[in-house]
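For the single chain, residues carry numbers from 1 onward in sequence order.
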Amino acid sequence: MSVAELKERHIAATETVNNLRERLKQRRLSLLDTDIAGYARSQGRAPVTFGPTDILCCRTLQGHTGKVYSLDWTSEKNRIVSASQDGRLIVWNALTSQKTHAIKLPCAWVMTCAFSPTGQSVACGGLDSVCSIFNLNSPTDRDGNLNVSRMLSGHKGYVSSCQYVPGEDTHLITGSGDQTCVLWDITTGLRTSVFGGEFQSGHTADVLSISINGSNSKLFVSGSCDATARLWDTRVASRAVRTFHGHEGDVNSVKFFPDGNRFGTGSEDGTCRLFDIRTGHQLQVYNQQHQDNEMAHVTSIAFSISGRLLIAGYTNGDCYVWDTLLAKVVLNLGSLQNSHEGRITCLGMSADGSALCTGSWDTNLKVSNHFSLIIKTCSLSVA
């Protein structure tokens, strides 16, 4: 068979696959007679409401001299680690605003950071294509710096995201610009499994974000520049369990819903979406015009502990609090007094759901509390 014939067969096969994908999309849409918001409105559900002092910015964490790109909370809720373009990781006491560690990194171009489940170590990665592990209990050198305790090397592109497997300080998952995700054994520094890459069911562009299921740590979801999110099972690395379509731009952020059966996404197309991992269906789109009438990209998302609230950070500095049940913006943290003065790059909810931390290009982190007052009285209940 000649090269020309092979090209013709490849083009024909690609066209067939695209047609089947479109037919499947239309079939799924025909089965979705309503979305969460439509059903909630039909049941007379009322939106969440906030008083003028319900959500307050109680602390500003100042110390970075460059744009903040990533943050993570410890499981005991009182410490935060942040990564900045100034080439440092800072570990903060969220209750006192004091810095407990300021770690100078081997590579200044850091993109992600994460606390281990016990809070004894932190991980980070960036343009050096390496995930570096620091033991916070290790002694410092003569200059007061912590040395890297383990370097996880193997990615062929930048490390965009990392997260420890819940309950395990010895295993971690990374997402990379090489289109793959990797499960690492930190003790040995070796790759346990690779997800994507040469496999056809993997991402076809850079992986930007990952989220591990808190109810079943064998499952995780990834978001990519190919405008899809994919569900993976660490026991079956050869192919994605399911692929989720719907976005029209890079999927910058993914986050599992508290019950583990759904997950949210935030995208360059300016929307957030909620998907069900059991059916593969898109349950809801969260989209609202911003005051400046321009399309702001979603950079990061987080759920309240009940799931009733979805918090989304945007490139124009807005930070919308969505009512997930009614798909309505109930508060814009970016419009409150003492809010950030630049793009929101990262955000995260404390383990007990009482506080939200946001990071920004303005070099600061801000901690807002009183979320527990709201989440105790409202929840999302959808079958």
Side-chain angles (χ1 to χ4, degrees), residues 47-64 68-84 90-101 113-115 117 119 122 214 253 255-258 264 266 272 299-314 317-325 328-380:
V48 177
T49 57
F50 291 91
T53 60
D54 280 346
I55 304 295
L56 298 173
C57 177
C58 59
R59 289 176 188 83
T60 298
L61 307 182
Q62 297 178 312
H64 282 299
V68 178
Y69 277 110
S70 180
L71 67 87
D72 192 28
W73 288 84
T74 53
S75 56
E76 77 270 16
K77 84 178 181 180
N78 63 343
R79 286 189 298 159
I80 298 168
V81 62
S82 57
S84 166
I90 295 181
V91 179
W92 310 81
N93 184 318
L95 301 179
T96 65
S97 303
Q98 293 181 334
K99 296 183 282 290
T100 62
H101 295 81
C113 62
F115 254 119
V122 292
S253 183
K255 191 69 176 178
F256 262 104
F257 195 77
C272 298
T299 59
S300 185
I301 64 170
F303 287 103
S304 66
I305 199 168
S306 69
R308 182 64 187 269
L309 303 178
L310 168 66
I311 301 94
Y314 296 83
D318 283 341
C319 188
Y320 284 172
V321 180
W322 290 90
D323 182 330
T324 54
L325 197 58
K328 291 184 63 175
V329 175
V330 293
L331 182 67
N332 180 9
L333 296 177
S335 64
L336 300 182
Q337 188 177 6
N338 197 30
S339 60
H340 285 292
E341 297 177 359
R343 151 193 316 229
I344 306 294
T345 52
C346 52
L347 52 83
M349 189 71 70
S350 63
D352 66 349
S354 63
L356 175 80
C357 184
T358 55
S360 168
W361 274 11
D362 64 10
T363 75
N364 297 325
L365 294 98
K366 293 182 182 290
V367 179
S368 303
N369 65 0
H370 293 179
F371 273 88
S372 59
L373 298 178
I374 293 93
I375 61 176
K376 288 177 180 178
T377 59
C378 60
S379 62
L380 174 62

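The ring pair (Phe, Tyr, Trp, His ring centres under 6.0 Å) search around Phe256 returns none, not counting sequence neighbours. In terms of the ring pair (Phe, Tyr, Trp, His ring centres under 6.0 Å) criterion, Phe115 has no residue partners (sequence neighbours excluded).
A donor-acceptor contact shorter than 3.5 Å is absent between the side chain of Asn93 and the backbone of Arg79. For the pair Ser300 (side chain) and Gly313 (backbone), a donor-acceptor distance under 3.5 Å is absent. Using modelled atom types, one side-chain atom of Ser339 and one backbone atom of Gly334 make a donor-acceptor pair closer than 3.5 Å. Using a distance-only test at 3.5 Å, with no hydrogens or angles considered, a donor-acceptor pair links the side chain of Asp362 to the main chain of Asn364. Counting only distance, with no hydrogens or angles, the side chain of Ser253 and the backbone of Ile301 share a donor-acceptor pair below 3.5 Å. The backbone N or O of Ile344 sits nowhere less than 3.5 Å from a side-chain atom of Ser360 that would complete a donor-acceptor pair.
Around the CD atom of Glu341, the shell of radius 6.0 Å holds no more than 12 heavy atoms that belong to other residues, nucleotides or ligands. Counting non-hydrogen atoms of other residues, nucleotides and ligands closer than 6.0 Å to NZ of Lys366 gives a total above 12.
Expressed to the nearest 0.5 Å, how far CG of Asn78 lies from CG of Leu95 amounts to 5.5 Å. For the atom pair OG (Ser350) and CD1 (Ile305), the distance works out to 7.5 Å, reported to the nearest 0.5 Å.
For Gly119 against Thr74, the heavy-atom pair with the smallest separation is CA-CG2, 4.3 Å. Contact record, Trp73 with Gly348: NE1-O, 2.9 Å, taken as the closest heavy-atom pair. Counting all heavy atoms, side chain and backbone alike, Arg308 lies closest to Ser304 at N-OG, 3.4 Å. Closest approach of Trp92 and His64 over heavy atoms only: CZ2-CD2, 4.1 Å. Closest non-hydrogen pair, Ala94 versus Arg59, comes out as O-CD, 3.0 Å. Heavy-atom minimum distance, Cys346 versus Val68: SG-CG1, 4.0 Å.
When each of Leu310, Leu309, Val48 is checked for a side-chain contact (heavy atoms from CB on, under 4.5 Å) with Trp322, only Leu310 meets the rule. Checked against His340 for a side chain to side chain donor-acceptor pair (under 3.5 Å), the options Thr345, Thr363, Thr358, Thr60 give a single hit: Thr358.
For the pair Asp72/Val122, no side-chain contact is recorded, criterion being any heavy-atom separation below 4.5 Å from C-beta on.
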